[in-house]
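This report refers to the structure that appears directly beneath it.
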Amino acid sequence: MVVKTLNGAKAVAEAVKNCQPDVVACYPITPSTHIAEEMNHYYANGDTKTFIAVESEFSAISALIGGAATGARTFTATSSQGLLLMHEALFNAAGMRLPIVMVVANRAVSAPLSIWNDEQDSMSQRDTGWIQLYCKNNQEAVDSVIQAFEIAETTLLPVMVCIDGHYLTHAVGQVNIPPQSEVQDVLPPFKPKIFLDPENPLSLGVYTNPSHYQEFREDLHNDLLQSKEKIIEIGKKFGKRFLRTYGLFEEYKLKDAEFVLVGLGSVMDNVKATVNELRNENQKVGALHLRCFRPFPSEELKKILSGKTIGVIERDLSLGAQPPLYTEIVEALQGTNTIVSSFFGGLGGRNLDRTAIKVLFQKIKSKKPLKEWIAQQKGDQK
Amino acid sequence: MLEIRFHGRAGQGIVTAAELLAEAAAMEGKYSQAFPFFGSEKRGPPVTSYCRIDSRPILIHEEIEKPDLVIVAEPSVLAEVQVDAGLKKEGQLIVNSSQPKEKIHLNGHSFSVVNGTDIALKYFKKPITNTVMLGALCKLTGIVKLDSIKKAISNRFPEKIAALNIKAIQECYDAIPSGPSGGF
């Protein structure tokens, strides 16, 4: 183990390098973060095998679809509008069962233009068939990227590792980065059974008639749901080796908690800190960080959240409808006696600090289901 | 936990200053965190950066509203930004300015004045005051040792640039008469 003081983007890039991808393709212009720059740097120094500097994010994902189809370990990173430009090809990557790993540095979407954090970008890609893992801090980002390669390559599903732009990618702090020699202990080499090979010609992603198309989509759906088991297994294996265990979600002081905030991303570290402060005042509060948003762990959440009073906190929207995480939590808790409120905001980098979170805990204590924007704190107008 | 806020203008290395301080603190066995707040990515507009230092792991991701220490690396931001906003009563404020203290008007909080721009111009021929102000921080607060800042600078910059910066921060450090003064 090597503890370094560096920012999230650099930490993630080093972890990716230690996983030795065969093909990396990135478009390194805004809204990309310095993950692309770092991967290019590693390639220039001979530390990684291939770096393709493409002319757009659409090309980046397309290059990886080609690379992964030949049986290569593949990686890219993007953000915001860059991820949106990939949209069409994301469906192909999942439908063709190509285990691409991508880090999404979560940034707001235009318009208006913003380079700051929220999760509207990756949330809008939730139905593309990719596994989505969300990280609270840079340690989880590094660890999740390492696990993502094995999750992808054993389930034959692409994985997005989502980390908050700026709050994590641009924040310098201490991160424990397993060196390549230790990554090898947990990450086996990628040896696919089916891949494009001139000696053994085959077709991937071909045309289907109405008699067959739906079966492929059913398989994809079922396999994505089943991947929960692999995500848990690989998270446990990682924990055995590195003493940091991962699963579908993280419960924090949840068991005896009456009032719980549920969410994903870096805000949940702030929620945990708030829970500590309120527990000191003997308040029965808790938190749940949803690490795995796709596949969505409905049954597992139902077991542990039923009967509690819940506030769902999210930095995203479904314009013209209810926010995505709230909708899914409500669906998971159908038929149980659980009060669920929806709090959405913190968009475009707006601060969601402990003061704001305390207000949300106060609100759910009314035991009335609320649906509201998270109010801006005094002093936030810059 | 100590919370430090830096003010300056984009292009003056304000983000780097917070990062160097975080790296220096980590070398001394502490936990640290540094992150920026800037507008669009252009030179000139006011920039804020933040640094936290603690003996325990830092597990929050929020802006610093009530700093223990504020460093103003560029005097012209005083007219645009309320640099002592939220500064704790017992906190410290260090301002870079070539003006005498009595000509600088702040809202009542006591402060120290350091003429960092002259030192920066002497060594860099540009008013890039980030590292110079870290020299002032070491002398006036003792949060980290000057040697740790020097090491962080050596790790980050090419040899020639690092050597120049180290000379500049040493000159700033030596130019300030008093040692660590209260609060920390």
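In what follows, every chain begins at residue 1, and chains take the letters A, B, ... in the order their sequences are listed.
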Subject >> Selection from A:V271, A:T5, A:L6, A:N7 maximising heavy-atom pairs under 4.5 Å formed with chain B >> reply: A:T5
**OP:** Specify the closest pair of heavy atoms between A:N270 and B:H61, including all atoms of both residues, with the distance to one decimal.
**Re:** OD1-N, 2.7 Å
Subject >> Interatomic distance, A:D269 atom CG to B:I58 atom CD1 [nearest 0.5 angstrom] >> reply: 12.0 Å
**OP:** Tell me, for A:L168 versus chain B, whether the close heavy atoms (under 4.5 Å) come from the side chain, the backbone, both or neither.
**Re:** side chain
Subject >> Residue selection (most heavy-atom pairs with chain B, distance under 4.5 Å) from A:G173, A:S266, A:A273 >> reply: A:S266
Subject >> Within 6.0 angstrom of B:K151 NZ, more than 12 heavy atoms from elsewhere >> reply: no
Original post:
Taking everything shown except A:Y252 itself, do over 12 heavy atoms lie less than 6.0 Å from its OH?
Top reply: yes
**OP:** Grab the two heavy atoms, one from B:F37 and one from A:W116, that are nearest each other, plus how far apart they are.
**Re:** CA-CH2, 3.7 Å
**OP:** With rounding to the nearest 0.5 Å, note down the distance linking CG in B:L59 to CE in A:M268.
**Re:** 13.5 Å
Original post:
Is atom NZ of B:K101 surrounded by more than 12 heavy atoms (other residues, nucleotides or ligands) closer than 6.0 Å?
Top reply: yes
Subject >> Heavy-atom proximity to chain B below 4.5 Å, by part of A:K4 >> reply: neither
**OP:** Would you check if B:E62 and A:L352 make a side-chain contact, meaning some heavy-atom pair closer than 4.5 Å?
**Re:** no
**OP:** Look at atom NZ of A:K253 and say whether more than 12 heavy atoms of other residues, nucleotides or ligands are closer to it than 6.0 Å.
**Re:** yes
Subject >> Minimum-distance pair of heavy atoms, taken over all atoms of B:E65 and A:N351 >> reply: OE2-ND2, 3.3 Å
**OP:** Give, for atom CG of A:N276 and atom CD1 of B:I60, the distance between the pair rounded to the nearest 0.5 Å.
**Re:** 11.5 Å
Original post:
Would you say the side chain of B:P57 lies within less than 4.5 Å of the side chain of A:Q174, judging by non-hydrogen atoms?
Top reply: no
